[in-house]
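Before any comments, here is the structure.
In the text below, chain A, chain B and the rest are named by the order of the sequence lines, each starting its count at 1.
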2 protein chains.
Amino acid sequence: MIDGLRNLLSALVNRPALGVFPGEDWPAKLQNVLMSVAPTGLDHVTTMMCGSCSNENAFKNIFIWYQSQLRGKAPFSEKEIASSMVNQAPGAPKLSILSFHGAFHGRTLGCLSTTHSKYIHKIDIPSFDWPIASFPKYRYPLEENVRENAQEDARCLAEVEGLIEAYAKKGIPVAGIIVEPIQSEGGDNEASPEFFQNLQKIAKRHGSALLIDEVQTGGGPTGKLWCHEHFNLDSPPDVVTFSKKMQLGGYYHAAHMKPAQPYRVFNTWMGDPGKLLLLESILKVIKQESLLKNVEKTGAKLKAGLLQAQNEFPTLLNSARGRGTFLAINCASTKLRDDIVAALKQKGVLSGGCGEISIRFRPALIFQERHVDIFLDKFRQVLKELK
Amino acid sequence: MIDGLRNLLSALVNRPALGVFPGEDWPAKLQNVLMSVAPTGLDHVTTMMCGSCSNENAFKNIFIWYQSQLRGKAPFSEKEIASSMVNQAPGAPKLSILSFHGAFHGRTLGCLSTTHSKYIHKIDIPSFDWPIASFPKYRYPLEENVRENAQEDARCLAEVEGLIEAYAKKGIPVAGIIVEPIQSEGGDNEASPEFFQNLQKIAKRHGSALLIDEVQTGGGPTGKLWCHEHFNLDSPPDVVTFSKKMQLGGYYHAAHMKPAQPYRVFNTWMGDPGKLLLLESILKVIKQESLLKNVEKTGAKLKAGLLQAQNEFPTLLNSARGRGTFLAINCASTKLRDDIVAALKQKGVLSGGCGEISIRFRPALIFQERHVDIFLDKFRQVLKELK
C-alpha cells in the first residue's frame, strides 16, 4: 500500500463519514475547523462532497423550510405522502428557485436550472421552469457612473420582484433566491452592496430564502473569508454554500432552516473527513501568515496595475474590477481576450477567460507584491506586442 | 501539518483532479485501476465524487445521446441555444428517465425524481414528471413459484412498455431507464435475469438507454464485481454507475454515449485521485485474497443458514434471498424486524433494516465461514428469545 496513505486510510476506515459515524474527535474538528470560519449568524453546517451537491441540498433545505411554514404544526397529510412517492403535487410541490442570467451554480439537474452562463452546459438537458432575473451590468469606472449603475440595480431588482409575483400567480412560488456575490463563470460580474441589501429585503418581503453561493468567492480571495461580508447585510443570509477552496463542499445555514425531521438531507458520504484535515491546515496557514491581509494588499496593488494598464491601453482594455485578488478586466473583443491569455501563457503566466470578453485573475492566497510586479511587467509586454 | 497526510497532500496539490490536470501517471492509474474492472463492453469511464452526482451526470449523458440521435449531424440551432439558456424547450427539452417503484438512486433533484423508496426522502421537494413502473415482487421460495414470478415479470415489463408509450404521447419521451440489479434501500427486491434481459430488449426497441445503477451492488458483495454480470444480457448496458465500495463515484459507458463536444459533462473535482489510490489497494487485496470466491462461499453458507432459520421459525421469517453475501430475509412484521435488529445489536451484531419488513445483510468482503457460524448462532438465540 502507498505509504503516505496508511494513516489516512486507517483514519477513514474507522470514521467513514463526517455526518454518520464521527469518532469522538470529529464533532470537535467540525467545531474548530468549519464552524470557526462560519459566516456571522449561521451556526449550522451541513457537509457535502462538492459544490453542486451543496447547492442541490441547500435547495432541498429551502423547499423543506418553505413548505413547513405553510404546513405549520400539522403532520404530513396522507395525500402529500402518497403523491410525493410518484413525483406529483401536493407531496412534490411546484416550487422554484429564482436565479440570475449569467449565473453559474453547478451542473446537476437542480443546479443546472439555475445556471445560465454558457449554453453548452445546458443544451439538451431537461430543466425545471424556474424564473431568471437580470443581474446588474455596470458601467466602469464605478465612481464616474454612480447614477447609471444605481438605475441598473433598480431595474434588476424590479425584475426580481416582478418574477416572484408572476411565478406565484403561475403556481410555482419562489421558495428561494440563489445569487453569487460576484458572478464568476459568467464574466466576473459584480453588484453593489446596496443591490444585495435590497435583494435581501425583497426576499424577506416575499417569504423567499436568500442563498448566497460562495463556492467560487469563499475561502479568502476577496480579502474576506466570505465575499458577502463586504455587503453589510441587515441580517445574515439564510444559506451560504461553499466548496473549492474550502476543500470539501457544504452549506452554512441559520437555525430556522434546519428540518424538524432527521434524514431529510442525507447521503452516504456527507463530506470527507480527509478534506477537513486539509482545510484545518489551510486555515491555520491563512491565520499564521495573515493571508487575508496579504490578499488585501496584493489585490490593491494588482487592481491599481490593471487600472493603469487600461489607461495606458484604452483601445484594448476596460472595466477593471473586483475585490481582493478576485479581479477581472474586459478586453475589446473575444479574440483579443483569447490572444492575451495565450500570449501570457507563452510568458509563463496562467490566467483564464470568463464571460465573453473578460480575463479573470485568481492568484493563490500566497501571491505576493513581488509577484504582482512580475505579472504586470509581462502583462505590459503582451499588451505592447498586441497593440 | 498532520504527518500521514503530507505525501497525499503534495500529490493532490500537483494533481488536483482526475479529469482536469492528470499528472503523467494518472491516465495509467485510471487504466490500471478503474478500467481494469470495467464491466465487459464498457470502455469509457467518467469519474465523479459520489453516487448522486454519478447518476445525475449519467442522466445528462443519456439526454445528450438521445438528442444527438434526433439532431443527426446538424449543429445546435439558434433557437435551441437561446431557449436552453432560459430553461425552456427546445433547448431544454422535455425528456424523462423511467424508474421503478421502490428504487433508490440518490437524493439530488434529478436523482430524487427516480427515487421511490421512502416518502421522507421526497416530500416537499419539487420533482420532474417522470414515469415510474412496478418492480417485480416475487413469491418465495423462487423454485416453488416459477410460474407466478414469471407472470410478475411480464406484468412489470408490460407496465414499462405502456409507460414509455404513454410518456411519448405526453411529449416527455423516455430517454433512459434506470434500474438497480437488486433494489437495495427499497427492501432488497431482486428480479430475474430474464426480467433484465427483457427490460433491455424493451429499452432497445423504444430507443431508450439502459442505465444499471450499481452504486450499492457494485464492488463484489454479490460474488461478482458487478451484479449485472449475473444476468447474461444480450449486450452491455449503455451506462453503469458506481460509488460506495468503489471509493469514488462515476460511471462506465459505451463509446456511443460519449458526447461529441467537450465540457458537456464536467465539474471542478471530476473524482478524487486520493480515492483512486485507496481503490487500487482494495482491488489488489480482492485479487490477492480471492475475495470474490470467498463471498461466493460464505454467501452460500449464510444463505443456507437463513433458509434453515426460516424453516425453523416459519412464523417469524420468510423469503430469504439475494446473491453472494448481499442477502436479506423478511420478518412477519415491521416491529419484529426492528426487534430482531435491536436484539442482534445487543449481542454485538450490526445488521440493518431495508424496505418495510426486511433485514439486510451486508458483511464486508473479508467475512469468513467462521463468522457465518458466529452470526447464525447469535441469530438463532435472538429468534428463540423473540418466538
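Scanning residues 93-106 of chain B against chain A with a 4.5 Å heavy-atom cutoff picks out B:Pro93, B:Leu95, B:His101, ordered by number.
Within 6.0 Å of CD in A:Glu356 there are 12 or fewer heavy atoms belonging to other residues, nucleotides or ligands. Atom CD1 of A:Ile366 sits in a sparse spot, with 12 or fewer heavy atoms from other residues, nucleotides or ligands closer than 6.0 Å.
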* To do: Take A:Cys53 and B:Thr108 through the side-chain contact (heavy atoms from CB on, under 4.5 Å) test and state the conclusion after the steps.
  => CA-CA 7 Å; A:Cys53 281; B:Thr108 47; 4.2 Å; yes

* **Pair A:Asp272-B:Asp272, side-chain contact (heavy atoms from CB on, under 4.5 Å): steps then yes or no** => CA-CA 11 Å; A:Asp272 181 340; B:Asp272 182 340; 4.1 Å; yes

* To do: Please lay out, stage by stage, how B:Asp124 and A:Tyr66 fare under the test side-chain contact (heavy atoms from CB on, under 4.5 Å).
  => CA-CA 9 Å; B:Asp124 294 341; A:Tyr66 190 88; over 6 Å; no

* **Intermediate values then yes/no, side-chain contact (heavy atoms from CB on, under 4.5 Å), A:Lys122 and B:Asn87** => CA-CA 8 Å; A:Lys122 290 176 70 76; B:Asn87 298 353; 2.8 Å; yes

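Looking at A:Val215, neither its backbone nor its side chain comes within 4.5 Å of chain B, counting heavy atoms on both sides. There is no contact between A:Gln216 and chain B, counting heavy-atom distances below 4.5 Å.
Heavy-atom pairs under 4.5 Å with chain B were tallied for A:Gln261, A:His121, A:Lys244; the largest tally goes to A:Lys244. Interface check for chain B: of the options A:Ile81, A:Asp129, A:Thr115, the most heavy-atom pairs under 4.5 Å are formed by A:Ile81. Taking chain A as the reference chain and counting heavy-atom pairs below 4.5 Å, the highest number among B:Ile132, B:Val265, B:Ile125 is found for B:Ile125. The residue among A:Ser68, A:Gly110, A:Ser113, A:Ala175 with the most heavy atom pairs within less than 4.5 Å of chain B is A:Ser113. Contacts with chain B were tallied for A:Asn55, A:Leu109, A:Ile123, A:Ile62; A:Ile123 has the most, counting heavy-atom pairs under 4.5 Å.
Note that SG of B:Cys111 and CD of A:Glu56 are 8.0 Å apart. Values are rounded to the nearest 0.5 Å. Between atom CH2 of residue A:Trp269 and atom NZ of residue B:Lys275 there is a gap of 5.5 Å, rounded to the nearest 0.5 Å. How far CD1 of A:Ile120 is from OG of B:Ser84: 9.0 Å, rounded to the nearest 0.5 Å. Going from atom CG of A:Asn267 over to atom CZ of B:Arg107 covers 8.0 Å, rounded to the nearest 0.5 Å.
Classification of the B:Phe128-A:Phe128 ring pair by plane angle, with boundaries at 30° and 60°, yields parallel.
Under a 3.5 Å cut-off, the side chain of B:Lys118 and the backbone N or O of A:Met85 do not form any donor-acceptor pair.
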